[in-house]
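Here's the structure we're looking at; comments come further down.
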Amino acid sequence: MSLIVHRIGPACNVQDQGRVGYLDQGLSRSGAADLTALHEGAALLGQNPGLAALEMAGTGGEFEATKPLGIGLTGAPMQASIDGAPVVWNASHHMEAGQRLVIGAATRGTFGYLHVSGGIASQAFLGSRAAHLTAKVGQTLRVGDKLPVGSGPGVTGMKLGHDDRFSGGVLRVVASFQTPLFDQPTLDRFAQTEFRRGSRANRMGMQLDSAGEGFAAKGQLNILSEVITPGDIQMTGTGNPFILLPECQTTGGYPRIATVLPCDLPRAAQTPAGGSIRFQFVSLEEATILQAAYHAGLAKLPAQIEPLVRDPHDIPDLLSYQLISGMISATD
């Protein structure tokens, strides 16, 4: 069983929760830019959030099912239809063999996700199916590719409520290794500044722009390269901050003014070009509580799904359904 790719956007690849334990060998985690979306898709289809899905940056493509399967659509809302009939985002749907799913451009956010019942069963590497394009692990999809699909019935006809992580907002941060190199007036100005996501952004990181002068640390040219992780905010020589994302390098010498909490990285990654971002410093104790609450929220997602009620206008074969059994009197 597979999905045949008939049309595809320029930045679509297979992602799961990534691979850990290889930083010392120069390989960062990779994995989905929006891990929340993986858990949402798993909840909608009634399966494990560790299964792989298709990550689509900006726009999707056209896919044909070779056998009946369930699909889930999460992450940045995108225009979608099955055989020309519009389908709801943040929901699960059934596809028959030969039907075509068309996913268009994102209407909000950056990364959309296509999940399939049983997960995408591409070849695993070091315990993960996640593409890591900068390390040349995996590749972007091309027309004619066949995505292998795992076994599993998949729950369909379900939906989840939307949240507000697709337009920027406040990102909670903790102090990083080089935070003390920035004087207090600079740190205060950093927390009070409204940033905009710049045009320089990919799965490695995203540049932020702001009005006024940049942000510099004392002795930043003498900093040795150290291990870095997704969420670190590096300050470049121009004073522009970069938020590092799943495919970031494993070491770096730019000073890090702060680190975004993992629970807020989906919001960071989903911020569209030009979207507004502010930073809020929290203590390590507060960060631990916030992170625990995030994981508890993910665990509750399966209990939050509800039936997807179809609009009769979207059912082309409505008259074939036996909607009423027996006779009904409008007067009795």
Going by heavy atoms in the side chains, are [X] and [Y] under 4.5 Å from each other?
X    : Y    : result
S30  : Q15  : yes
T66  : K146 : no
T110 : Q270 : yes
R129 : L51  : no

Check salt bridge (Lys or Arg N to Asp or Glu O under 4.0 Å) between [X] and all other residues, then give those that pass, not counting sequence neighbours.
X    : result
R172 : D264
R165 : D34, E40, D163
R7   : E62
E226 : R256

Determine the minimum heavy-atom distance between [X] and [Y], stating which atoms define it.
X    : Y    : value
D209 : G198 : OD2-CA, 3.4 Å
G41  : T74  : N-CG2, 3.5 Å
P272 : S167 : CD-CA, 3.9 Å

I'd like to check the side chain to side chain donor-acceptor pair (under 3.5 Å) partners of [X]; sequence neighbours left out, ordered by chain and number.
X    : result
Y22  : none
H295 : Q291
Q184 : D188
Q139 : none

Answer yes if [X] and [Y] sit in the same cluster of Ile, Leu, Val, Met, Phe, Trp and Tyr residues linked by side chain heavy atoms under 4.5 Å apart, and no otherwise.
X    : Y    : result
I233 : F281 : yes
I120 : V143 : yes
F111 : F166 : no
L171 : F190 : yes
L265 : I257 : yes

Self-check item: side-chain contact (heavy atoms from CB on, under 4.5 Å) between Q79 and T107, worked out
Solution: CA-CA 7 Å; Q79 300 168 339; T107 58; 4.2 Å; yes
What distance do [X] atom [atom1] and [Y] atom [atom2] have between them, rounded to the nearest 0.5 Å?
X    : Y    : atom1 : atom2 : answer
L101 : L3   : CG    : CG    : 7.5 Å
S92  : H115 : OG    : NE2   : 10.5 Å
Y113 : L54  : OH    : CG    : 10.0 Å

Using a 3.5 Å distance criterion without hydrogens, assess whether the side chain of [X] forms a donor-acceptor pair with backbone atoms of [Y].
X    : Y    : answer
E194 : S276 : no
S28  : C248 : yes
R267 : D164 : yes
T156 : G70  : no

Give the table of side-chain donor-acceptor pairs shorter than 3.5 Å for residues 240-247, with sequence neighbours excluded, one pair per line with atom names and distance.
unit_1	atom_1	unit_2	atom_2	d
N240	OD1	T238	OG1	2.8
N240	ND2	L208	O	3.3
E247	OE1	L133	N	3.3
E247	OE1	T134	N	3.3
E247	OE2	L133	N	3.1
E247	OE2	R203	NE	2.9
E247	OE2	R203	NH2	3.4

Quiz prompt | Reference residue F215; test ring pair (Phe, Tyr, Trp, His ring centres under 6.0 Å); the match among F182, Y254, F195 | solution =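 Of the listed options, the one satisfying the test is F195.
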Quiz item: Taking atom types as modelled, is there a side-chain donor on D232 or T259 under 3.5 Å from an acceptor on the other?
Solution: yes
Quiz item: Under a single-linkage rule joining Ile, Leu, Val, Met, Phe, Trp and Tyr whose side-chain heavy atoms are separated by less than 4.5 Å, which residues share a cluster with L261?
Solution: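 Members alongside L261: V174, V282, L284, L290.
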Quiz item: Linking Ile, Leu, Val, Met, Phe, Trp and Tyr through side-chain heavy atoms less than 4.5 Å apart, which residues share a cluster with V227?
Solution: L23
Self-check item: Pairs where residues 282-304 contributes a residue and the test salt bridge (Lys or Arg N to Asp or Glu O under 4.0 Å) is met, not counting sequence neighbours
Solution: none
Quiz item: Is the number of heavy atoms from other residues, nucleotides or ligands under 6.0 Å of R278 CZ greater than 12?
Solution: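 For R278, atom CZ is crowded (more than 12 foreign heavy atoms under 6.0 Å).
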